[in-house]
Amino acid sequence: MPVLASHRKPRPTRPHSPAVGVTTAALAGVTLLTSQSAQAVPSAPPKPTVEEVQKKVDDLYRQAGTATQQYNRAKESTDEQRRKVDRLLDDVAKRTEEINESRRALGSYAAAQYRAGAVGPTAALIFADSPQQYFDQTHLMDRLSDRQRSAVADYEGKRVAAAKQRAEATKSLETLTESQATLRTTKQTVQRKLGEARTLLARLTAEEKERLAELERKREAEARRKAEARAKAEAEARAKAAEAERKRQEEAQQPTEPTPPPPDSGAGDSTYAAKAEKALAFARAQIGKPYVWGATGPSSYDCSGLTQAAWKAAGVDLPRTTWDQVKVGTRVATDDLLPGDLVFFYDDISHVGLYIGDGKMIHAPKPGANVREESIYYMPIYGSVRPA
């Protein structure tokens, strides 16, 4: 009997288990690489605290203030150098015209000499209308020779002077180019420092900005407290001075020999007080105008631009930068400040304000702020001067 074929499908054979082992090993490798990669990536630096941000921003503003004074000095030098170059170029043009005039005079003399020299003396005498005419022409040529020698000397002198002026103008142009390069560099420095400060402030959250504002309020309050103490001391000093003056006047009214008034120490000089009042009146009129670095008015100011303009209104010319203003006038101690005195700040003398009394000043503070009254103790004091 024939064997019937089975209708069952053959059971498929299962692959060997090593494939599973390979997959497991691969996953383990990926996990290991991922872990190693995570360890290799440096962790982000910790976010600075609000106090650190405040310190950094203050430092950036101070650096920008220093760079602003460098910019002011470079701009002043550039402007002065440009004026000098313009004067030299005008002189060169004038001397060139004078040289051209001398050259034309020499040309006319040379032509006259050529015409006279083309005919010999004998022939000139023969062809002359009369002997007198010949002698007159000879005398004229002798005079022309003297004039020619003078013209040559004049021409040579003017040529040398013009060459010297051109060399000086060229040197001044080179100096001007250097000043302009310094001006561009300092301008970029100011902009970079202010940009860094704005970036730091922009990264703060609303809560951090409020915390920063609170720190600023505490700082201002401490500065006001010191100013108030200073104002109290000044008031007591004025009261004592008034009492001493009253007693002096009472004694002067008695029949005894009058006591001569104490010598004027200069602290209360009426001339200075009058000038200072004009400077202060100008400064008060600028309150509310924005700080702009490099500005000298009338719509905006930087710190030294404001003090320069204020004292100019009083008839006193101050230099442009804080570094030069601190050298003007007489140095005074903080305890001896009078209204109108200039108060300078920071070790690098990068800021200045106009003292108004009672421990306060008017100044152009920093970018983003307006001209305002503020305690002189808001910043570390470098020193003070009486400019007139």
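Both backbone and side-chain heavy atoms feed into the values below; hydrogens, waters and symmetry mates do not.
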**Q.** Hydrophobic cluster membership, Ile349 vs Leu60, 4.5 Å side-chain cutoff
**A.** no
Q: Answer yes if Ile287 and Leu354 sit in the same cluster of Ile, Leu, Val, Met, Phe, Trp and Tyr residues linked by side chain heavy atoms under 4.5 Å apart, and no otherwise.
A: yes
(Q) Checking side-chain polar atoms at under 3.5 Å, does Thr68 have a donor or acceptor matched by the opposite partner on Asp302? (A) no
Q: Kindly say whether Leu183 contributes a backbone atom to a donor-acceptor pair with the side chain of Thr186 at under 3.5 angstrom?
A: yes
Q: Report yes if the side chains of Met379 and Arg62 come closer than 4.5 Å at any heavy-atom pair, otherwise no.
A: no
Q: For residues Gln70 and Trp323, determine if any side-chain heavy atom of one lies less than 4.5 Å from a side-chain heavy atom of the other.
A: yes
Q: Would you tell me whether Thr307 and Gln325 have side-chain atoms, one donor and one acceptor, within less than 3.5 Å of each other?
A: yes
Q) Taking a hydrophobic cluster as the set of Ile, Leu, Val, Met, Phe, Trp and Tyr residues connected by side-chain heavy atoms closer than 4.5 Å, whether directly or through intermediates, do Trp293 and Phe344 fall within one such cluster? A) no
Q. Measuring from Ser77:OG to Arg82:CZ, what's the distance to the nearest 0.5 Å?
A. 10.5 Å
**Q.** Glu80 atom CD, neighbour heavy-atom count above 12 within 6.0 Å
**A.** no
Q | Mutual orientation of the aromatic rings belonging to His363 and His351 [parallel < 30°, tilted 30-60°, perpendicular > 60°] | A | perpendicular
Q. Which is it for Lys55 and Asp58 under the salt bridge (charged side-chain N to carboxylate O under 4.0 Å, His left out) test, yes or no, and what are the steps along the way?
A. CA-CA 5 Å; Lys55 185 176 182 302; Asp58 286 346; over 6 Å; no
(Q) Quick test of your reading of the model: are Glu245 and Arg238 salt-bridged, counting only N-O distances below 4.0 Å? (A) no
**Q.** Side-chain ion pair, Arg246 and Glu243, N-O less than 4.0 Å
**A.** yes
Q. Taking the six-membered ring of Tyr272, is the NZ or CZ of Arg386 close enough (under 6.0 Å from the centre) and on axis enough (within 45°)?
A. yes
Q) Looking only at heavy atoms, what is the nearest atom pair of Pro290 and Ser299, with distance? A) CD-O, 3.4 Å
Q: Answer with yes or no whether the hydrophobic clustering places Val343 together with Tyr61; edges join I, L, V, M, F, W, Y residues whose side-chain heavy atoms lie under 4.5 Å apart.
A: no
**Q.** Heavy-atom check, side chain of Val332 versus side chain of Leu338, under 4.5 Å
**A.** no
Q | Distance in Å, Thr321 OG1 paired with Gln308 CD, rounded so as to fall on 0.5 Å steps | A | 9.5 Å
Q.
I'd like to check Tyr346 versus Thr66 (side-chain heavy atoms, cut-off strictly below 4.5 Å). Are they in contact?
A. no
Q: Output yes when Glu210 and Arg217 qualify as a salt bridge under the 4.0 Å nitrogen-oxygen rule, no when they do not.
A: yes
Q: With side-chain contact (heavy atoms from CB on, under 4.5 Å) as the test, would you mind laying out the steps for Leu212 and Leu201 before giving the verdict?
A: CA-CA 9 Å; Leu212 182 63; Leu201 294 174; 3.6 Å; yes
Q. With side chains defined as the heavy atoms from C-beta onward, is the minimum distance between Arg284 and Ile362 less than 4.5 Å?
A. yes
Q. Quick one: which of Gln69, Arg73, Lys75 gives a side-chain contact (heavy atoms from CB on, under 4.5 Å) with Tyr71?
A. Lys75
Q: Using a 4.5 Å cut-off on heavy atoms from C-beta on, say whether the side chain of Thr199 contacts that of Arg203.
A: yes
Q: Compare all side-chain heavy atoms of Met361 with those of Leu337 and state whether any distance is below 4.5 angstrom.
A: no
Q | Spacing of Tyr355 atom OH and Leu342 atom CG [to the nearest 0.5 Å] | A | 13.5 Å
Q: Evaluate the side-chain proximity of Asp358 to Ile356: yes if any heavy-atom separation is below 4.5 Å, no if none is.
A: no
**Q.** Arg320 bridged to Asp79 by N-O distance under 4.0 Å
**A.** no
Q) Is the closest basic N to carboxylate O distance between Arg225 and Glu222 below 4.0 Å? A) yes
(Q) Less than 3.5 Å apart, any donor N or O on the side chain of Gln63 or Asp59 sitting next to an acceptor on the other? (A) yes
Q | Lys/Arg N to Asp/Glu carboxylate O, Asp86 vs Arg83, below 4.0 Å | A | no
